[in-house]
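Note that the coordinates shown come from a computational prediction; the quantities given were computed from them, not determined experimentally.
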Amino acid sequence: MHGQAENSGPGGYAAARLRLLNEKARSGPPRRSALAGLTDDWLAGLFAAGAPGARGVSLVAVGGYGRAELSPRSDLDLLLLHDGSATGAVSALADRLWYPVWDLGLALDHSVRTPAEARRTAGEDLKVQLGLLDARHIAGDLGLTTALRTTVLADWRNQAPKRLPALRELCEERAARQGELQYLLEPDLKEARGGLRDVTALRAVAASWLADAPREGLAEARSGLLDVRDALHLTTGRATDRLALQEQDQVAAELGLLDADALLRQVYEAARVIAYAGDVTWREVGRVLRSRSVRPRLRAMLGGGKPAPERSPLAEGVVEHDGEVVLARAARPDRDPVLPLRAAAAAAQAGLPLNLHAVRRMAAGARALPSPWPAEARQQLLTLLGSGRPTVDVWEALEAEGLISLLLPDWDRVRCRPQRNAVHLWTVDRHLIETAVRASAFTRRVSRPDLLLIAALLHDIGKGWPGDHSVAGEVIARDVAARIGFDPADVTMVATLVRHHLLLVETATRRDLDDPATVRSVAEAVGSPGTLELLHALTEADALATGPAAWSSWRAALVADLVKRVSAVLAGQTPPDPEEALPTAQHERLALEAVATGAPVLSLRAQTEPAAEPSDDPEPLGVELLIAVPEQAGVLPAVAGVLAMHRLTVRTAELRSLDLPDGVDGSVLLLDWRVAAEYGSLPQAARLRADLVRALDGSLDISARLAERDAAYPRRRGVVAPPPRVTVAPAASRHATVIEVRAQDAPGLLFRIGRALEDAAVRVRSAHVSTLGANAVDAFYVTQEQGVPLPGEEAVAVARKLEEALRA
């Protein structure tokens with residue numbers, strides 16, 4: 001086939017290339033190699049036709065093409081090498097080579113250089129040097145190509161002490177720019193940390209002879225990412241390395257995988273192997289370079305005397321050596337099942353990395369711990385989890401060699417499991433470790449830090465199972481906690497924490513905390529002050545470990561308020577009934593002014609205690625907005641629409657009729673809302689009031705104004721939001737029916753909801769608005785006109801109408 005392509009010109013090559021790419025029986029490394037061979041033959045034919053019998057010139061493949069790793073849409077990286085004796089002929093030859101490539105629409109990265117020019121450019125440009133390390137002869141003067149390869153490799157090895165730190169810096173800059181492949185929902189397979197570029201860097205380190213990457217699994221990981229890139233090129237028809245969300249199902253199908261999640265999990269597994277290999281390799285490079293620079297000076301200073309001791313004991317069977325944690329010479333992993341945990345805990349406490357060979361030695365001789373675990377094993381696990389940030393790297397070292405799966409078999413279900421919610425920064429397994437890291441900072445504020453750390457590690461363990469992950473997680477956590485060796489009472493508490501780890505934040509942001517039923521339901525679920533204390537700390541650790549959109553001053557304040565109220569109930573106090581709450585003097589003043597003027601009256605009051613220092617909080621506490629309006633229809637959508645027009649985000653919204661003093665006729669609605677500016681400063685109260693007057697009398701078309709805004713609202717390309725869902729929360733309140741709305745957040749969403757509820761002829765007592773990333777989760781306390789909860793069938797009908805309105 002190759003010979004035919006060579007003899008039939010560009011058209012023959014294109015047809016042969018197309019047949020090869022459509023050949024389902026051949027994929028992966030064989031197809032990439034065949035594509036490189038086919039291209040070699042075609043280019044060799046072009047070279048021979050342009051320079052018959054030429055000497056002193058050769059065609060060289062570099063970079064990915066040099067490694068024979070041609071994906072369907074890969075660039076062709078080519079170097080036309082010549083000895084400088086006939087530059088005119090070389091220029092003509094270059095035209096005969098490059099133009100046919102361009103005519104076929106193939107991307108080409110090309111250069112024409114003498115060996116001296118190539119060597120000089122490599123010395124100035126690290127990327128050029130990396131490409132030349134993979135130089136491969138295609139056609140022409142083989143001796144010229146061989147001499148260049150030999151010289152470039154010799155230069156690289158001689159200059160490695162200076163060039164490798166620069167290469168490491170290049171890798172770190174790229175990682176900071178592109179992120180970590182093993183956690184991204186739309187990863188760049190080439191540029192992100194743990195991607196194909198990092199494998200190339202590891203090959204360059206190996207070529208320097210200074211250090212070598214751990215080879216176990218590395219070739220398979222690299223081949224796996226290349227397979228995904230091949231499928232991405234074939235399904236999109238484009239030269240892209242970014243695995244976009246809208247293309248993941250097609251790529252998965254091309255690879256014969258179940259779905260997009262299975263694809264991402266495979267990508268993450270490969271990226272984790274590559275990233276870990278990079279960590280180990282760069283650590284070894286640093287050690288070698290430090291050794292080369294320090295030891296000659298030390299020998300001179302010591303005059304050849306006895307060297308300083310290099311091994312410091314850390315724990316039984318564990319020592320520090322040259323900045324790493326290694327096993328003592330007398331350690332016996334096959335007879336000491338607690339040794340992996342002991343070594344890990346010692347490493348995390350000391351803030352040192354676990355030596356690769358030590359971890360492999362422990363993995364080779366490791367035995368499963370008995371059930372229940374011995375007390376020392378449990379204590380070492382808790383020490384590891386409570387060590388803060390160093391825990392992450394130590395845990396990853398254990399996981400890379402299968403030790404975590406041996407200790408906690410349930411971990412395999414969450415390992416590298418993607419989380420499609422953009423609020424989450426991490427995969428499920430990394431999120432669990434991040435939560436433990438965050439929880440370690442709270443161990444001084446709870447009475448049972450051990451239970452907090454274990455619950456942090458296990459709170460999302462149910463995400464590997466079907467159904468509600470909190471319900472599944474409760475069962476798994478009970479089993480794991482018992483296996484680890486906790487007593488029955490502690491096992492029950494850990495299971496309760498896992499079952500209800502979302503209870504506080506969901507209740508605080510979606511329920512009326514002034515409703516006694518809300519506080520009582522939480523108190524019944526929690527059961528004891530000790531559990532409440534732990535749940536409060538776990539809630540904050542979980543949210544902080546999720547990402548910046550999951551926690552804020554506003555959420556923290558709401559959760560703290562709920563915890564205070566639940567604590568009072570658990571202490572035997574009765575929560576006050578909101579129906580018996582008396583209006584404040586300010587409320588009465590605003591209401592009387594609204595009656596007197598027949599128009600809305602506003603009060604905009606900033607938080608009383610300014611922040612001690614500037615904050616990047618995405619959801620600040622905001623300001624209190626009080627509005628008194630003569631009672632009439634359409635107040636909720638009017639206020640929500642005006643606030644949306646002024647780019648004010650609503651956090652909570654309470655609406656109630658106010659009893660006026662004796663002798664005053666009329667009825668007034670009081671709105672007590674918490675709002676925050678999306679950006680910039682707050683608008684003037686006078687402007688808000690003027691727009692609200694116009695909205696209520698119908699002279700301001702809010703729908704049209706918001707439609708213009710909605711048309712320009714930025715949406716992520718290719719991401720189709722799931723449809724809105726509206727449900728009735730069962731038995732959530734004695735005073736009202738609670739309707740929950742889950743929808744894509746957008747300008748004017750609250751306005752649309754308010755208008756739909758007005759159309760359904762229900763009264764809204766309060767609204768509790770919560771936004772997580774692009775998702776709004778809002779709860780509305782509604783009643784009939786008489787102020788009583790809706791009957792069951794009517795509540796379901798209202799929810800259905802609201803859902804239909806939001807889908808329209």
Side-chain angles (χ1 to χ4, degrees), residues 36 40 55-69 75-85 87 90 94 108-174 190-191 196-213 215 218 222 277-278 280-296:
D40 286 355
R55 300 189 56 171
V57 62
S58 65
L59 184 61
V60 184
V62 297
Y65 182 26
R67 296 187 295 274
E69 291 175 351
D75 292 358
L76 297 183
D77 295 335
L78 292 169
L79 166 63
L80 187 58
L81 192 65
H82 65 100
D83 62 9
S85 60
T87 54
V90 169
L108 176 65
D109 189 353
H110 61 90
S111 58
V112 180
R113 295 186 177 116
T114 65
E117 289 170 342
R119 188 179 179 189
R120 184 170 61 252
T121 306
E124 296 167 352
D125 189 332
L126 188 55
K127 293 179 180 178
V128 171
Q129 187 155 38
L130 293 177
L132 288 174
L133 290 178
D134 292 310
R136 181 173 58 82
H137 182 74
I138 295 178
D141 192 333
L142 177 60
L144 199 63
T145 304
T146 303
L148 177 66
R149 273 187 53 84
T150 302
T151 304
V152 167
L153 281 168
D155 287 345
W156 177 245
R157 286 162 188 156
N158 291 333
Q159 299 165 6
K162 292 182 179 179
R163 303 306 301 266
L164 286 180
L167 176 57
R168 181 175 191 175
E169 187 176 333
L170 207 64
C171 292
E172 289 171 349
E173 288 174 356
R174 182 166 34 78
K190 188 175 185 179
E191 301 291 339
L196 295 168
R197 274 278 190 231
D198 280 345
V199 184
T200 303
L202 293 178
R203 286 169 58 91
V205 173
S208 75
W209 293 354
L210 271 185
D212 198 5
R215 294 184 178 273
L218 190 58
R222 172 168 155 268
V280 172
T281 302
W282 287 118
R283 200 160 64 233
E284 178 66 9
V285 168
R287 188 191 65 77
V288 170
L289 294 180
R290 283 193 307 273
S291 173
R292 286 189 172 193
S293 64
V294 171
R295 284 183 180 169

How long is the span from the [atom1] atom in [X] to the [atom2] atom in [Y], to the nearest 0.5 Å?
X	Y	atom1	atom2	answer
R168	E173	CZ	CD	13.0 Å
R119	L132	CZ	CG	12.0 Å
D134	R149	CG	CZ	8.0 Å
R113	L80	CZ	CG	11.5 Å
H110	L79	NE2	CG	11.5 Å
L130	L170	CG	CG	7.5 Å

Exercise: identify the closest heavy-atom pair between [X] and [Y]:
X	Y	answer
W282	C171	CZ2-SG, 4.3 Å
D141	R55	OD2-C, 4.3 Å
L133	V152	CD2-CG1, 4.1 Å

### Query
L210 versus V205: any side-chain heavy-atom pair under 4.5 Å?
no
### Heavy-atom check, side chain of R197 versus side chain of T200, under 4.5 Å
no
### Task
Among D109, D40, D75, V60, find the residue that satisfies the side-chain contact (heavy atoms from CB on, under 4.5 Å) test when tested with Y65.
D40
[X] (side chain) donor-acceptor with [Y] (main chain) under 3.5 angstrom:
X	Y	answer
D125	T121	no
S291	R287	no
R136	R67	no

### Message
Among residues at least two apart in sequence or on other chains, which ones pass side-chain hydrogen bond (donor to acceptor under 3.5 Å, both in side chains) with D212?
### Response
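Once residues adjacent in sequence are excluded, the partners of D212 under the side-chain hydrogen bond (donor to acceptor under 3.5 Å, both in side chains) criterion are R215.
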